Amino acid sequence: MTETIGLVLGVSLLAAAGVLLHHRYWPRDDDCEPREDVAEYIAMMVGVLYALLLGLSLVSVWESRSSAEEHMQIEAGAAHEIYQLADSLPAAEAVRLRDSVTRYVRHTTRVELPAQAEGHPPAQEGWHLLRNVRSANQVSSDAKPIEQATAQEVLAQLLVLDDARRGREADARDGLSPVLWFGLLSGGLLTIAFMFMFGIQRSATHVVMVMGLTGLITLTVLLIYQLDQPFEGPMAVDSSAFGRYFPGA
């Protein structure tokens, strides 16, 4: 991040030095374009580049949030499937498997997700409860073929649940690159600053233009910030996927 900022500032200073040298050794003559025309062209280019940066960031964080929601739905669906498969097991094994799944779901919805909503990563206790689910998926050597097939299907769903949980943890850690955040903030300030370079006669019109542009840029950046934290804020991915299969969990 520091190297990127240094490189950007270095290139910008080099460009500024080029402008100063141009004015020093090749001064402006009467054939040059008016300052307003040049400023308008540069402002247009800055606006286009900043719009591309906003679009790239928005698509990136939207895909991250969609990934988090998908992992949550897969995790909840796999847990529900394991709970349902317990019907094909002997009574004692079925009760043990259902209890272990219920404990895992309750821990996820009541402990892990609220912690993630506050910006904390999931603790290791969730993995211990998941191992308990795997341990509960045991059948005797003389079990019926349907019971053995059920145990194999439960194991397959456990693999799906494991992968979805790992994905959920990765979604909580991943975020927009600091380089993009630097570009979003500095580009927004630069775009707004260019609005003060044009000689608009009516001050009320100028105020409305600056307010509108500033408000839209701020709204878009705030939207990117909210989507960049899939488990935090008003747009967070909640536990509704688990609630659909485990009411009251």
Side-chain angles (χ1 to χ4, degrees), residues 1-70 117 119 170-237:
M1 177 63 179
T2 305
E3 294 80 0
T4 301
I5 295 176
L7 179 61
V8 172
L9 291 177
V11 174
S12 301
L13 291 174
L14 184 62
V19 173
L20 293 176
L21 290 174
H22 173 75
H23 284 287
R24 174 67 176 82
Y25 295 103
W26 297 278
R28 179 182 182 273
D29 54 34
D30 295 336
D31 294 333
C32 291
E33 296 182 11
R35 184 181 63 180
E36 286 286 331
D37 294 341
V38 176
E40 183 178 355
Y41 173 76
I42 296 175
M44 180 187 67
M45 291 302 300
V46 169
V48 170
L49 292 174
Y50 187 62
L52 291 175
L53 186 61
L54 283 175
L56 174 64
S57 302
L58 193 57
V59 169
S60 177
V61 296
W62 181 260
E63 288 181 349
S64 297
R65 188 189 183 281
S66 298
S67 174
E69 189 171 9
E70 181 180 3
D171 294 329
R173 293 192 303 267
D174 295 340
L176 203 62
S177 169
V179 176
L180 283 176
W181 276 118
F182 172 73
L184 286 173
L185 298 178
S186 60
L189 293 175
L190 184 61
T191 303
I192 295 170
F194 268 105
M195 292 293 293
F196 294 90
M197 298 183 62
F198 301 101
I200 300 177
Q201 297 298 325
R202 296 182 59 184
S203 59
T205 303
H206 199 184
V207 168
V208 172
M209 292 172 62
V210 173
M211 286 181 59
L213 179 64
T214 304
L216 286 174
I217 289 177
T218 303
L219 176 64
T220 306
V221 173
L222 286 177
L223 177 62
I224 292 172
Y225 176 76
Q226 292 291 344
L227 292 174
D228 191 42
Q229 305 177 29
F231 298 101
E232 304 176 38
M235 302 182 66
V237 178

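Since we're looking at a predicted model, the values are computed, not measured.
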Rounded distance [0.5 Å steps], [atom1] in [X] versus [atom2] in [Y]:
X	Y	atom1	atom2	result
Ile224	Leu219	CD1	CG	10.0 Å
Thr191	Leu216	OG1	CG	12.0 Å
Leu49	Met44	CG	CE	10.0 Å
Asp228	Trp62	CG	CH2	14.0 Å

Please name all residues satisfying side chain to side chain contact (heavy atoms under 4.5 Å, CB included) with [X], sequence neighbours left out, ordered by chain then number.
X	result
Thr218	Thr214, Leu222
Glu70	Ile74
Leu190	Val46, Phe194

In this structure, are over 12 heavy atoms from other groups packed under 6.0 Å from Tyr225 atom OH?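 12 or below, so no.
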Is there a donor-acceptor pair under 3.5 Å between the side chain of Ser60 and the backbone N or O of Leu56? no
If we ignore hydrogens and angles and just use 3.5 Å, is the side chain of Arg65 paired with the main-chain N or O of Gln226 as donor and acceptor? no
Could you tell me if the side chain of Leu176 sits less than 4.5 Å from the side chain of Leu184, heavy atoms only?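 Of all side-chain heavy-atom pairs linking Leu176 with Leu184, at least one is under 4.5 Å.
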Ala68 to Asp171 - nearest heavy-atom pair and separation: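 Heavy-atom minimum between the residues: CA-OD2, 3.1 Å.
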Which heavy atom of Val221 sits nearest a heavy atom of Leu185, and at what distance? CG1-CD2, 4.4 Å
Criterion side chain to side chain contact (heavy atoms under 4.5 Å, CB included) against Ser57, the qualifying member of Leu52, Leu223, Leu180: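 The option that passes is Leu180.
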